[in-house]
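This structure is a prediction, so every number in the text was calculated from the model and none was measured. One-based numbering along the sequence shown.
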Amino acid sequence: MKISCAQLERDGTLALMTALQSKGHLALFVGGCVRNAILGEPIVDIDITTDARPEVVTRVASDANFKVVPTGIDHGTVTVVAGGLAHEVTTLRNDVQTDGRRAVVEYSSSIAEDAARRDFTMNALYLQTDGTVLDPLGGLPDLLARRVRFVGDAQRRITEDYLRILRFFRFYALYGDPTLGIDPDGLAACAAQIAGIETLSRERVGAEMRKLLSAPDPAPALAAMDQAGVLAQVLPGASARAMPILVHLETGSPRGWLGRLAVIGGQNAGGLLRLSRAETNTHDNILAGIGSGFAPAVLGWMHGATVAGDIVHAKAALFETDLPFDWQSEANRGALAIFPVSAADLMPAVQGLALGTRLRELQERWLASGLTLTRAQLLA
């Protein structure tokens, strides 16, 4: 099979691959960039594989005046900056020893051996610069059918790196066909190995959950995670029940991943997923807004229009209600509103602690009115 390489035909990329090939070395696109090129999806990262060892890649790239960074030299990977783009260049390899997180590797000259150590069949695809797809494991039919399957024995792939459990569900959310359902062998292997999630850093777990929750429709993947017990392992107390409702409500106005995180719930999401301080603040505001009785305009004034929209959608999904009428314009109105009374309006008649108390009372009246009371009405 041949495909268009238009998305990959960048001057720096082709120059780097030509430099390797001119020295007699293999240079192939591999992994996600090949997968996305075939599917017509955007390509973010460009990965290249070669039979040249890292020190040779470094020398060839340096001689071609490219910047080289030894990002993963122990695993055969160097990053080459060519044409302003970072390229991960990795030597063909075998994993000879793994501990669920890291691998000891040996270099290889076999594409088939390199493919056999990868996670999913749709990622074990290679692409020549002329557009020829190399498929040593038969992963192309899986990709075209949008089947997410582990390479070889699923349990073995997982015990090599337990993060693959979360990647399995994330890839299903992004690339799987929900009408086919999730791969049963993969699901069973994930359920059998959920204890391995505890060996992962919370930063890695949080990064995977961010990506999964950012998928156009994460509901089928989250339901499968819930079924396998993986969701509870990641976030105790979480539930996927309301996610399909939320995704349906989002039609025409997709929400951010933090709003979706609030809908699945769970204990201590900020700590368990290593949210940043700003993310934790936003997540906490969404949770507080769900439990409040505030109208969209008030939520917009308190948190801004975007977070107000997340709260409105999350609340409707969890309580299985319709979205409030005109919620978007109301949230925008609130985000632009300014409390019409200042301390100067009350002084000198009111001062000290009484001044702060009076301002809070007037603000509460203003909020209760849906931000409609004017300065004159409040001061009257």
L355/M347 under side chain to side chain contact (heavy atoms under 4.5 Å, CB included): CA gap, chis, key distance, verdict: CA-CA 8 Å; L355 179 60; M347 296 172 65; 3.9 Å; yes
Side chain to side chain contact (heavy atoms under 4.5 Å, CB included) assessment of D161 paired with R204: CA-CA 12 Å; D161 182 354; R204 296 181 81 197; 3.5 Å; yes
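- Counting only heavy atoms from C-beta outward, the side chains of L222 and L212 approach each other to under 4.5 Å.
- In this structure the side chain of I38 reaches within 4.5 angstrom of the side chain of L140, judged on heavy atoms.
- Both L231 and L272 are assigned to one and the same hydrophobic cluster, defined by single-linkage of ILVMFWY side chains at heavy-atom distances under 4.5 Å.
- Put simply, the side chain of S292 gets close to the backbone of G289: a donor and an acceptor are under 3.5 Å apart.
- Between the R35 side chain and the M122 main chain, no donor and acceptor come within less than 3.5 Å of each other.
- Contact annotation: the side chain of R93 approaches that of H75 to within less than 4.5 Å [non-hydrogen atoms, C-beta and beyond].
- For Y175, the ring-ring contact (aromatic ring centres under 6.0 Å, His included) partners at least two apart in sequence or on another chain are F171.
- Residues F169 and E208 fail the side-chain proximity criterion, which asks for heavy atoms closer than 4.5 Å.
- Placement of V78 and L85 in two distinct hydrophobic clusters is found when ILVMFWY residues are connected by side-chain heavy-atom separations under 4.5 Å, directly or transitively.
- Within the structure, no pair that satisfies the ring pair (Phe, Tyr, Trp, His ring centres under 6.0 Å) test touches residues 259-292, not counting sequence neighbours.
- A heavy-atom distance below 4.5 Å is found between the side chains of R360 and T357.
- When the side chains of ILVMFWY residues are joined at heavy-atom separations under 4.5 Å, either directly or via intervening members, V350 and F339 end up in a single hydrophobic cluster.
- Environment of CG in D322: sparse, with no more than 12 heavy atoms of neighbouring residues, nucleotides or ligands closer than 6.0 Å.
- For the atom pair T282 OG1 and W257 CH2, the distance stands at 9.5 Å (nearest 0.5 Å).
- The pair R274-E203 counts as a salt bridge, with a side-chain nitrogen and a carboxylate oxygen less than 4.0 angstrom apart.
- Distance alone, capped at 3.5 Å, places no donor-acceptor pair between the N123 side chain and the G31 backbone.
- Taking hydrophobic clusters as Ile, Leu, Val, Met, Phe, Trp and Tyr residues chained together by side-chain heavy-atom distances below 4.5 Å, L137 does not share a cluster with V148.
- Transitive grouping of hydrophobic side chains (ILVMFWY, heavy atoms separated by less than 4.5 Å) brings F319 and M243 into a common cluster.
- In this structure, W366 and L371 have side chains that are in contact, with non-hydrogen atoms separated by less than 4.5 Å.
- R277 is not listed as a side-chain neighbour of N281, based on a closest heavy-atom distance of 4.5 Å or more.
- Atom CZ in F120 sits 13.5 Å away from atom OH in Y172 (nearest 0.5 Å).
- The two residues P141 and G138 make their nearest non-hydrogen contact at CD-O, 3.3 Å.
- Remark: the backbone N or O of T50 is not paired with any side-chain donor or acceptor of T91 at under 3.5 angstrom.
- Of all the heavy atoms in G229 and I194, the pair that sits closest is O-CD1, 4.1 Å.
- Atom CG of L246 sits about 11.5 Å away from atom CZ of R241, to the nearest 0.5 Å.
- The minimum heavy-atom distance linking I311 with I286 is given by the pair CG1-CA, 3.7 Å.
- How far NE2 of H313 is from CG of L318: 12.5 Å, rounded to the nearest 0.5 Å.
- Annotation for L92: hydrophobic cluster partners, listed by chain and number, are L26, L28, V30, I111, Y126, L134 (ILVMFWY side-chain heavy atoms under 4.5 Å, direct or chained).
- Residue R210 comes nearest to S276 through the heavy atom pair NH2-N, 4.2 Å, listed as atom of the first residue, atom of the second, then distance.
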Stepwise side chain to side chain contact (heavy atoms under 4.5 Å, CB included) check, L166 with V230: CA-CA 8 Å; L166 300 183; V230 173; 3.9 Å; yes
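- Here the CG-CG distance, from D135 to L127, works out to 12.0 Å after rounding to the nearest 0.5 Å.
- Between L273 and V234 there is a side-chain heavy-atom pair separated by less than 4.5 Å.
- Under the salt bridge (Lys or Arg N to Asp or Glu O under 4.0 Å) criterion, R202 pairs with E198, not counting sequence neighbours.
- Only one option out of R167, R149, R164 pairs with D119 in a side chain to side chain donor-acceptor pair (under 3.5 Å); it is R167.
- Shown here for K315 and I290, the closest heavy-atom pair between the two residues is CE-O, 3.5 Å.
- Residue L213 comes nearest to R260 through the heavy atom pair O-NH1, 2.7 Å, listed as atom of the first residue, atom of the second, then distance.
- Residues passing the salt bridge (Lys or Arg N to Asp or Glu O under 4.0 Å) test with D345, sequence neighbours excluded: R375.
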Stepwise side chain to side chain contact (heavy atoms under 4.5 Å, CB included) check, E88 with T71: CA-CA 9 Å; E88 296 260 316; T71 46; 4.0 Å; yes
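- Taking the six-membered ring for Trp and thresholds of 30 and 60 degrees, F150 and F168 have nearly parallel ring planes, at less than 30 degrees apart.
- Separating the OG1 atom in T199 from the CG atom in L163 is a distance of 9.5 Å, to the nearest 0.5 Å.
- The main-chain N or O of T90 is found under 3.5 Å from a side-chain atom of T49 such that the two form a donor-acceptor pair.
- N94 and R117 are not linked by any side-chain donor-acceptor pair at a separation below 3.5 angstrom, with hydrogens and angles left out of the test.
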Run the side-chain donor-acceptor check on residues 53-70: report pairs under 3.5 Å with partners two or more places apart or on a different chain.
| from | atom 1 | to | atom 2 | distance (Å) |
| --- | --- | --- | --- | --- |
| T58 | OG1 | P54 | O | 2.8 |
| S62 | OG | T58 | O | 2.7 |

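- Judged by distance alone, with hydrogens and angles left aside, the side-chain atoms of H25 form no donor-acceptor pair with the main-chain N or O of L20 at under 3.5 Å.
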